[in-house]
Number of protein chains: 2
Amino acid sequence: MATTRLDRELKKGSAELLILSLVETRARHGYEIGKLIEDRSGGTLKFNVASLYPLLYRLEARGWIQGRWVDKAGQRRRRYYKLTVAGRKVLGAQRTTWQTFAAAISRIAGVQHA
Amino acid sequence: MATTRLDRELKKGSAELLILSLVETRARHGYEIGKLIEDRSGGTLKFNVASLYPLLYRLEARGWIQGRWVDKAGQRRRRYYKLTVAGRKVLGAQRTTWQTFAAAISRIAGVQHA
DNA sequence: CTTGATGTATCGTATAACCATATATGGCTA
DNA sequence: TAGCCATATATGGTTATACGATACATCAAG
């Protein structure tokens with residue numbers, strides 16, 4: 001079946017919310033974030049690296065996450081990102097936004113959410 | 001507060017689902033669809049005409065909706081769109097996709113849906 | 001020594017939203 | 001009767017962005 005494009009677009013809109021959520025309780029590096037999203041969604045959500053990394057840079061440039069390089073023997077260097085104070089506020093706002101949108105869409109599209 | 005862009009992106013992804021849903025039971029014209037989405041979402045969802053009309057043309061080009069010009073005295077001509085058989089199948093698939101995504105995002109982002 | 005998983009990075013291209021603007025009609029009001 | 005608002009459709013040009021492809025780098029497994 002042809003991809004409806006809806007799924008792709010949906011990923012775009014929720015990308016920031018997903019990333020901010022994952023670095024909420026602890027610092028994580030890019031690759032880990034990508035894998036976590038894929039795994040926890042059961043393969044439903046999957047980010048291309050060419051989308052994921054630029055997104056991380058953007059979030060850092062906005063001051064919502066803070067990156068730190070970590071070198072460890074026997075490993076490629078990783079950049080760990082953690083949520084900033086400003087990012088925490090944004091995350092809270094985005095969670096509310098998400099719920100509002102999900103409710104509105106479900107109502108108009110006639111989708112019942114469990 | 002600065003727009004987080006999440007809301008804008010979310011609209012993009014759900015636009016097709018919303019439109020297909022609104023022309024499911026009866027034919028509607030563009031302006032009406034725009035107003036319905038805005039009204040039924042309580043202002044949360046709002047489409048720019050420069051996004052809405054091209055989207056309608058795209059959906060029609062794909063054969064998911066079928067447009068028909070209707071002239072009526074004392075009114076500007078309107079183009080009424082109705083769901084096609086192919087569109088009905090797509091709508092069903094998109095509803096399923098939407099539910100799957102909403103569940104995945106809520107799970108990862110730690111958002112509880114009522 | 002080749003393959004695959006891990007890990008970060010980006011060029012180029014295609015897609016698409018939307019601002020601004022245009023056209024057209026009817027009703028209300030000053 | 002001129003102005004403005006709601007209705008209704010249409011699009012050129014700008015801008016943002018996702019992602020395929022590709023690159024580089026390290027280590028384990030076979």
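First the proteins, then the strands, lettered A, B, ... as listed; each starts at 1. Bear in mind the structure is a predicted one, so any value in this text is a computation, not a measurement.
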Asks: Measure the distance from CG on B:D71 to C1' on C:dG26 and round it to the nearest whole Å.
Replies: 16 Å
Asks: Would you mind checking if A:R79 and A:E60 are paired as a salt bridge, meaning a charged N to carboxylate O distance below 4.0 Å?
Replies: yes
Asks: Nearest to the B:W69 side chain among D:dT9, C:dA17, C:dT8, which nucleotide is it?
Replies: D:dT9
Asks: From CG of A:L52 over to P of C:dA9, roughly how many Å is that when rounded to an integer?
Replies: 11 Å
Asks: Whole Å only: how far is the CG atom of B:L59 from the C1' atom of C:dA17?
Replies: 15 Å
Asks: In whole angstrom, give the distance that lies between atom CG of B:L56 and atom C1' of C:dC18.
Replies: 15 Å
Asks: Taking C-beta and beyond as the side chain, do A:L56 and A:Y81 meet within less than 4.5 Å on heavy atoms?
Replies: yes
Asks: Has B:T84 got a side-chain atom pairing as donor or acceptor with B:G63's backbone, closer than 3.5 angstrom?
Replies: yes
Asks: Got a sec? Which of residues 23-41 of chain B come in under 4.0 Å of DNA chain C, heavy atoms?
Replies: none
Asks: With a cut-off of less than 4.0 Å, is there a side-chain N or O of B:Y53 near OP1 or OP2 of D:dA10?
Replies: no
Asks: Please name all residues satisfying salt bridge (charged side-chain N to carboxylate O under 4.0 Å, His left out) with B:R77, sequence neighbours left out, ordered by chain then number.
Replies: B:D71
Asks: What string of B, S and - do you get for nucleotides 19-25 of chain D, 5' to 3', if B is base contact, S is sugar-phosphate-only contact and - is no contact with any protein heavy atom under 4.0 Å?
Replies: BBB---B
Asks: Using atom CZ of A:R79 as one end and atom C1' of C:dT10 as the other, report the distance to the nearest whole Å.
Replies: 16 Å
Asks: Looking at B:A104, is its backbone amide N or carbonyl O close enough to the side chain of A:S41 to form a donor-acceptor pair, meaning the two atoms are under 3.5 Å apart?
Replies: no
Asks: Just jot down the side-chain hydrogen bond (donor to acceptor under 3.5 Å, both in side chains) partners of B:Y31, sequence neighbours excluded, or say none.
Replies: none
Asks: To the nearest Å, how far apart are A:R58 CZ and C:dT8 P?
Replies: 18 Å
Asks: Mind checking salt bridge (charged side-chain N to carboxylate O under 4.0 Å, His left out) for A:E32 and listing every partner two or more places apart, or none if nothing turns up?
Replies: A:R26, A:R28
Asks: Which whole-number value in Å describes the distance from A:R77 CZ to C:dA9 C1'?
Replies: 12 Å
Asks: Quickly work out the B:L55 CG to D:dT11 C1' distance and round it to whole Å.
Replies: 15 Å
Asks: Treat each ILVMFWY residue as a node, draw an edge where side-chain heavy atoms are under 4.5 Å apart, and state whether A:I37 and A:Y80 are in one component.
Replies: no
Asks: Would one find a side-chain N or O of A:Y57 under 4.0 angstrom from OP1 or OP2 of C:dT8?
Replies: no
Asks: Among all residues two or more places apart in sequence or in another chain, which pass the side-chain contact (heavy atoms from CB on, under 4.5 Å) test with A:S21?
Replies: A:L17, A:L91, A:R95, B:A109
